[in-house]
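For reference, the structure discussed in these notes is given below.
Owing to the predicted nature of the structure, the values given are computational and were not obtained by experimental measurement. Heavy-atom basis, side chains included; hydrogens, waters and symmetry copies ignored. To find a chain, count down the sequence lines: A is the first, B the second, and so on, and within it residues start at 1.
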Amino acid sequence: MITCYSHNNDGHAAIQLFKEMRQMSFKPDNFTYTSVLAALALIADRERHCHQLHCVVVKSGTGLVTSVVNALISVYVKCAFSPLASSSSLMASARKLFDVMPEKDELSWTTIITGYVKNEDLDSAKEVFDGMDEKLVVAWNAMISGYVQKGLVFKVFEMFRSMHSLGIKHDDFTYTNVLSACADAGLFLHGKQVHAYILRTEAKPAWAFMVSVNNALITLYWKCGELEQARSIFDSISIKDLISWNAILSAYVSKGKIHEAKSIFDEMSEKNMLSWTVMISGLAQHGSGEEALKLFSKMKSNGLEPCDYAFSGAITSCAVLASLEQGRQLHGQLIRLGFDSSLSAGNALITMYARCGVLDAAYSVFLTMPCLDSVSWNAMIAALGQHGHGNQALQLYEEMLEERILPDRITFLTVLSACSHAGLVEQGKQHFNSMNEIYGISPGEDHYARLIDLLCRAGKLTEAENVIRNIPFEPGASIWEALLSGCRLHGNMDLGVEAAERLFEMTPQNDGSYILLANMFATAGRWDDVATVRKFMRGRGVKKEPGCSWLEVENKVHVFLVDDTVHPEVLAVYSYMAELVLRLRKLGYIPDTKYILHDMESEQKEYALSTHSEKLAVVYGLLKLPKGATIRIFKNLRICGDCHNAVKFMSKAEGREIIVRDVKRFHHFKDGECSCGNYW
DNA sequence: CTAGGGTTAG
């Protein structure tokens, strides 16, 4: 009965029964002690628990019985893993018990080895392992799994080969370990070789039942980019378990195949927290934030308590939607549920607050998180950069280095963007060079694109051109796009046309390049060329993504399109706008019609400017939000130059703080000025 | 006593 309780993870019930047994004067035997200790291993989490149990065992006279000592070692090992106890001293005690045991069995050896592996002391694990006369497959597997977790792939291969040459048969645990090591390290050829080896070695019928191996293969193949192969392995599994379903679900989600992911999700007869979490965050990133949030509440109404990862997905949805109120509510729930120390949720919150325009809140989450990882640092550096605080972003980066956190590829992307937004050309170049020289990370296309952007914004087009010529690989679309927008900004026609031509070849369906080129011609008054570009674009069936802006009012999101006729209160917006523009002009605002892409009468142009979605949204905010409240606007494209200017005047005329997030960065308008200092 | 499925940063 005690064993039964402990198998059901009910340690307390097991102990209660043990006490009753002793009260009724039944004498516990070796089996009793073994199963009670197994139960205690479930709940013991402090050093003194271990020592007390140790005394009980010694007094009972069972201190030399192998199964009892094994169970006691197991308690020490589990406790060592608890955050409330000192891992190294408990492992030392466990080791002492192990060393003086009169008779060790298989379990004794593997318990101590896996104990060391779990506590990340691979050297000690290896030392014990080497001392085994007859090494069991379980022990091999435990060692291998340790190397997998530490990312020591070649150690994994070494062990795998040794087993083979010593004639020890690999089992399904060995295979799954090796396959996932390959998948993690991106060693796809090795992974495929292992797959071939398994097919050669294993008899068909046994192979058919190795679900776990097939599950690991699904992951290996989708990570290689071979989604179809992953799917056909999934289809070939005769008895799929939940992990098989979750594996193929993550495959589709990670590759952005939301439609396929949804149909897998719907087909699943059993789902666990992981399935929901994968689907929610997948929707947040590749689908729609709204759908993700709907799924999150559906999950709760199905009676599942979301874990912190699920919250992270929901919070990300709020970041995408710029839905500050919902984000705040989720933050509140997180605190109530005791998840506020969660790393992943904290990281998601930093980004959510930053992308909703509340930099202070992002920073205070960052400061109060109990522990940080590179994601947290990257998120906060990115947040500062997006809000135009380049110097603070760089300062935080230095702090990160002082904390001995190694920068990764993404750190450099955020650092370069931060420099670019703030015009910190020299620092940006230095950091770019340090990537390879100090940290051994070779810059990718995206890093070069940001470097080009940095140079171009600062007007250093020739230098940018030189950099492009010396890129050690064929420059991709993002690089030419950075160059083109630089040319537009500084009116460099010839270079701009060249960049645009490359883009039309590489990404013919991307509307952005056509618009940039047309914009460049429009600024120069070359209306014939503007018309040609537009015709060319139409001829290729490319449509301009319509500009839209949105804001949250009373917990509801209001969307405005250019020249909006859909929003129910748009008439009030237009009439207030007409009156407001007059006041702005008295303050010195002059509509800048070079931002209109069609050639028309100048009065018409001025009217067209006044119907830009970001202006409509700001005016709606002025009408609806309480006096003095900050207006937060979000736009799907870059803010237009005239709007940028107009909003500056609006902030002054109305005495309001206005924050605009466009696709690239934030603008904080106050007292007629913008935080970007007109550098964007 | 060993394995296979998740999150957050651009």
Side-chain angles (χ1 to χ4, degrees), chain A residues 70 73-74 77 105-115 117-118 136-146 148-149 170-181 183 210-220 222 237 241-251 253-254 272-282 284-285 306-316 319 342-352 354-355 369 372-383 385-386 407-418 444 446-447 449-450 664:
Chain A
N70 282 345
I73 293 177
S74 202
V77 164
D105 66 3
E106 301 174 351
L107 208 57
S108 329
W109 288 92
T110 45
T111 307
I112 196 82
I113 290 174
T114 55
V117 167
K118 283 213 172 116
L136 296 160
V137 194
V138 178
W140 283 93
N141 290 341
M143 281 310 300
I144 292 178
S145 91
V148 174
Q149 276 150 32
H170 301 125
D171 66 5
D172 43 353
F173 284 79
T174 326
Y175 292 142
T176 46
N177 264 319
V178 175
L179 289 170
S180 72
M210 287 188 166
V211 195
S212 56
V213 179
N214 280 301
N215 293 344
L217 281 169
I218 294 175
T219 306
L220 175 78
W222 77 252
I237 305 174
D241 64 9
L242 184 54
I243 295 180
S244 325
W245 285 91
N246 283 340
I248 196 71
L249 180 69
S250 343
V253 163
S254 308
N272 64 1
M273 183 62 73
L274 216 135
S275 334
W276 287 90
T277 307
V278 170
M279 199 62 224
I280 290 168
S281 51
Q285 283 177 338
C307 65
D308 56 339
Y309 288 157
F311 267 100
S312 306
I315 292 166
T316 302
S342 153
L343 187 58
S344 68
N347 291 343
L349 282 172
I350 295 175
T351 304
M352 186 277 291
R355 305 223 335 199
M369 277 166 71
L372 302 168
D373 65 359
S374 65
V375 177
S376 336
W377 289 89
N378 290 348
M380 197 61 227
I381 295 170
Q386 286 156 356
D408 56 19
R409 312 186 64 81
I410 292 172
T411 315
F412 285 106
L413 289 178
T414 63
V415 165
L416 289 169
S417 301
D446 36 6
H447 296 101
R450 278 176 171 70
K664 295 269 183 191

* Asked: Could you state the CE-P distance from Met143(A) to dC1(B), rounded to the nearest angstrom?
  -> 18 Å

* Could you work out which one of dC1(B), dA9(B), dG6(B) sits closest to the side chain of Ser374(A)? => dA9(B)

* Asked: How is Val211(A) classified with respect to the nucleic acid when contacts are heavy atoms under 4.0 Å: base, sugar-phosphate, or nothing?
  -> base

* Provide, to the nearest angstrom, the distance between the CD1 atom belonging to Ile350(A) and the P atom belonging to dT8(B). => 14 Å

* Asked: CZ of Arg355(A) versus C1' of dT8(B): gap in Å, rounded?
  -> 12 Å

* What nucleic acid atoms does Ser281(A) come within less than 4.0 Å of, heavy atoms only: base, sugar-phosphate, or nothing? -> sugar-phosphate

* To do: Return the stacking result for dT2(B) and Phe173(A): yes when the ring centres lie under 5.5 Å apart and the planes under 30°, no otherwise.
  => yes

* **side-chain contact (heavy atoms from CB on, under 4.5 Å) partner of Asn378(A), chosen from Asp408(A), Val415(A), Asp373(A), Leu413(A)** => Asp408(A)

* Asked: Which nucleotide sits closest to the side chain of Arg450(A): dT8(B), dC1(B), dG10(B)?
  -> dG10(B)

* Measure distances between side-chain N and O atoms of Ser344(A) and base N and O atoms of dT7(B), and say whether any donor-acceptor pair falls under 3.5 Å. => yes

* Whole-Å distance separating the CD1 atom of Ile113(A) from the P atom of dA3(B) -> 13 Å

* Nucleotide dA3(B), atom P - distance to CG of Leu136(A) in whole Å -> 16 Å

* Contact class for Thr316(A) (heavy atom, under 4.0 Å): base, sugar-phosphate, or nothing? -> sugar-phosphate

* Structure fact -> Nearest heavy-atom contact between Ile280(A) and Ala310(A) is CG2-O, 4.4 Å

* **Distance test, side-chain N/O of Lys118(A) to OP1/OP2 of dT2(B), below 4.0 Å** => yes

* **Main-chain N/O of Asn70(A) paired with Ser74(A) side-chain donor or acceptor, under 3.5 Å** => no

* Among dG4(B), dT8(B), dT2(B), find the nucleotide with the atom closest to the side chain of Asn141(A). => dT2(B)

* Asked: Does Ser275(A) offer a backbone N or O that forms a donor-acceptor pair with the side chain of Asn272(A) under 3.5 Å?
  -> yes

* To do: Please report the closest heavy-atom contact between Ser250(A) and Val278(A), naming both atoms and the distance.
  => CA-CG1, 3.9 Å

* Asked: Quick one: does Asp241(A) reach the base of dG4(B) with a side-chain donor-acceptor pair under 3.5 Å?
  -> yes

* Between the side chain of His447(A) and the main-chain N/O of Phe412(A), is any donor-acceptor distance below 3.5 Å? -> no

* Asked: Under 4.0 angstrom, heavy atoms only, what part of the nucleic acid is Ser342(A) near: base, sugar-phosphate, or nothing?
  -> nothing

* side-chain N/O Gln285(A) vs dA9(B) OP1/OP2, d < 4.0 Å -> yes

* Considering only side-chain heavy atoms of Asn215(A), which listed nucleotide, dA3(B), dC1(B), dG4(B), is closest? -> dG4(B)

* To do: Check every strand shown and say whether Asn272(A) touches a base, only sugar-phosphate, or nothing at a heavy-atom separation below 4.0 Å.
  => base

* Grab the CD1-P distance between Ile218(A) and dG6(B) for me, whole Å please. => 11 Å

* Per the atom types in the model, does the base of dA9(B) pair as donor or acceptor with the side chain of Asn378(A) at under 3.5 Å? -> yes

* **Nucleotide of dG4(B), dA9(B), dG6(B) approaching Ala379(A) most closely (side-chain heavy atoms)** => dA9(B)

* Would you indicate what Met273(A) reaches in the nucleic acid, counting non-hydrogen atoms under 4.0 angstrom: base, sugar-phosphate, or nothing? => base

* When you check the phosphate oxygens OP1 and OP2 of dT2(B), does a side-chain N or O of Thr114(A) lie under 4.0 Å from one of them? -> no

